[in-house]
Number of protein chains: 2
Amino acid sequence: MNNRETILEHALVLFASFGYDATGVQEICDQSGITKPTLYHYFRSKRGLMEALLAENYSPYIKRLKDACEYRGDLPQNIAEVLRSTFRFADSNLLFYKLQFSMRNAPARGEAYDIIKPWIKAQHEPVFTLFSEAERDNGNMRGRAQAYTITLLGMANAYIQQAVEENIGLNDDLAYQARQQFMYGIFS
Amino acid sequence: MNNRETILEHALVLFASFGYDATGVQEICDQSGITKPTLYHYFRSKRGLMEALLAENYSPYIKRLKDACEYRGDLPQNIAEVLRSTFRFADSNLLFYKLQFSMRNAPARGEAYDIIKPWIKAQHEPVFTLFSEAERDNGNMRGRAQAYTITLLGMANAYIQQAVEENIGLNDDLAYQARQQFMYGIFS
DNA sequence: GTCTTACTATACCGCACGGTATAGTGAATT
DNA sequence: AATTCACTATACCGTGCGGTATAGTAAGAC
């Protein structure tokens, strides 16, 4: 395996375990069996390393999420697909999921949050667009696209957290259950 | 105002804004208009300062939460009170709420998470006890107290986050709405 | 065989961090 | 008047941080 991948791999483990601030570049180098100039050759800075880590792990999920948000007149179907793609994203790389979750909830003026901000937007945007389009077919949803987006993604996180702590599988059954509960919140 | 309170006040703002790791003791001192020995006189360490901050702000909420979890045979009533006390806690000091939320979701082996761990337990425990007792009156809940606890508190957080970003009031109406959605999740 | 390019090690820099040794100060106690 | 105690400032310590200047090395190009 090349050094770049080795570094990314160990950086993920360390960042997820101790956090961005508390993880030193030297420690990443030690774990990866290389020295600092090597790391700085592949990644311009500590921040650049984190940005590369996010790009590699987020990109496939965001792509699938965009597909899941393609509106074709059947909102419950879209919601199911959003939940399924998000559950699979979490399930496929739990360590990265935990890392990005802690960064999303980090203080707003910290560097970690600043780095992840564009990815939060990349996740939020397609879901928001989906609900905005669904509003046209469903009058009583008007003006609530933002609220629905936050609640849906928030609920997905709650289910994932529960599944992790209870050691339940993040399967499609759970996605179905989450969808039912979310739909109840909309039509009541 | 005495120096101890001044320090706590400014520490809250800085910790909530930039995070525990990224906030320097010197910066807290500068903002508070005192010097480091003064801070270290009142608080043994940076960690001790954070512990004091958590104790002062959490204690009243935990006390009210325990009352809200006193089971008297009416689970929906208890759930409403849990949500109400939690919403009021967030509403009364939003800055502290954001701080504790970011710490709860910080990496598990970081110092910030280590400091807040006992308070997570203090919040989790009474709610868990409530659901455990309610299990005796409601057979189809058996063995799910843990899951209900996580989901209820997770849902509360989702609603609070939504209320903050949408500038909705964290009033009792919202608590009622959250309860309805949660109860639907239980009995389906 | 020389030159270029990609990559890697040694050794170091300046800096900000958490924390403290020392020396007070002013008010209450005896 | 002497002593004690709670509190505060100056100046400093050791450490570890992110990042880099320098000097290679090994492989392919010409």
Side-chain angles (χ1 to χ4, degrees), chain A residues 1-56 99 102-103 106-107 109-117, chain B residues 1-56 99 102-103 106-107 109-117:
Chain A
M1 191 191 314
N2 66 44
N3 279 334
R4 197 188 122 94
E5 283 174 25
T6 307
I7 293 169
L8 282 171
E9 210 168 82
H10 289 93
L12 171 59
V13 175
L14 289 167
F15 283 146
S17 300
F18 302 101
Y20 177 76
D21 289 329
T23 301
V25 172
Q26 186 61 58
E27 205 176 344
I28 297 171
C29 295
D30 292 348
Q31 290 288 321
S32 306
I34 51 100
T35 54
K36 280 205 273 187
T38 301
L39 188 149
Y40 280 87
H41 170 76
Y42 290 109
F43 312 97
R44 292 182 173 177
S45 60
K46 184 184 182 182
R47 184 189 178 122
L49 168 58
M50 181 55 103
E51 285 170 351
L53 195 59
L54 292 183
E56 299 234 342
L99 170 60
S102 75
M103 290 176 75
R109 280 194 277 176
E111 196 180 6
Y113 185 80
D114 199 56
I115 298 173
I116 210 170
K117 214 185 294 177
Chain B
M1 191 191 313
N2 67 43
N3 279 335
R4 199 187 119 94
E5 284 175 25
T6 307
I7 294 169
L8 283 171
E9 211 169 81
H10 288 94
L12 170 58
V13 175
L14 288 168
F15 282 146
S17 300
F18 301 100
Y20 177 75
D21 289 328
T23 301
V25 172
Q26 186 63 57
E27 204 176 345
I28 298 171
C29 295
D30 292 347
Q31 290 286 322
S32 307
I34 50 101
T35 55
K36 280 203 274 188
T38 302
L39 188 149
Y40 279 87
H41 170 75
Y42 290 108
F43 311 97
R44 291 182 172 178
S45 60
K46 185 186 182 182
R47 186 191 177 119
L49 168 59
M50 180 55 103
E51 286 171 349
L53 196 58
L54 292 182
E56 298 232 344
L99 170 61
S102 74
M103 290 176 74
R109 280 194 277 176
E111 195 179 8
Y113 186 80
D114 199 57
I115 298 174
I116 210 169
K117 215 184 294 178

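Only a predicted model underlies this, so the values are computations on that prediction, with no experimental measurement involved. Residue numbering restarts at 1 for every chain, and letters A, B, ... go by the order of the sequence lines.
Proximity of a side-chain donor or acceptor of Ser102(B) to a complementary backbone N or O of Pro107(A) within less than 3.5 Å is not detected.
Here CD1 of Ile28(B) is found 13.0 Å from CD of Glu9(B). Values are rounded to the nearest 0.5 Å. Distance check: His10(A) NE2 to Leu39(A) CG gives 12.5 Å after rounding to the nearest 0.5 Å. Here CG of Asp21(A) is found 7.0 Å from CD of Glu111(A). Values are rounded to the nearest 0.5 Å.
Cation-pi check for Lys46(B) over Tyr20(B) is met; the charged atom lies under 6.0 angstrom from the ring centroid and within 45 degrees of its normal.
Reading DNA chain C from its 5' end, the first and the last nucleotide to sit under 4.0 Å from a heavy atom of chain A are dC7(C) to dT10(C).
By the 6.0 Å contact criterion, CZ on Arg47(B) is enclosed, its count of non-hydrogen atoms from other residues, nucleotides or ligands being greater than 12.
Proximity of His41(B) to the phosphate of dC7(D): a side-chain N or O atom is located under 4.0 Å from OP1 or OP2.
We find that CG of Leu49(A) is positioned 15 Å from C1' of dC17(D), with the value rounded to whole Å. Rounded to whole Å, the distance from CZ on Phe43(B) to C1' on dT8(D) is 15 Å.
If you check residues 20-36 of chain A against DNA chain D, the residues with a heavy atom closer than 4.0 Å are Thr23(A), Gly24(A), Val25(A), Lys36(A), listed by number.
Using a 4.5 Å heavy-atom cutoff, the side chains of Tyr42(A) and Leu8(A) are not in contact. Between Cys29(A) and Thr35(A), every side-chain heavy-atom pair lies at or beyond the 4.5 Å cut-off.
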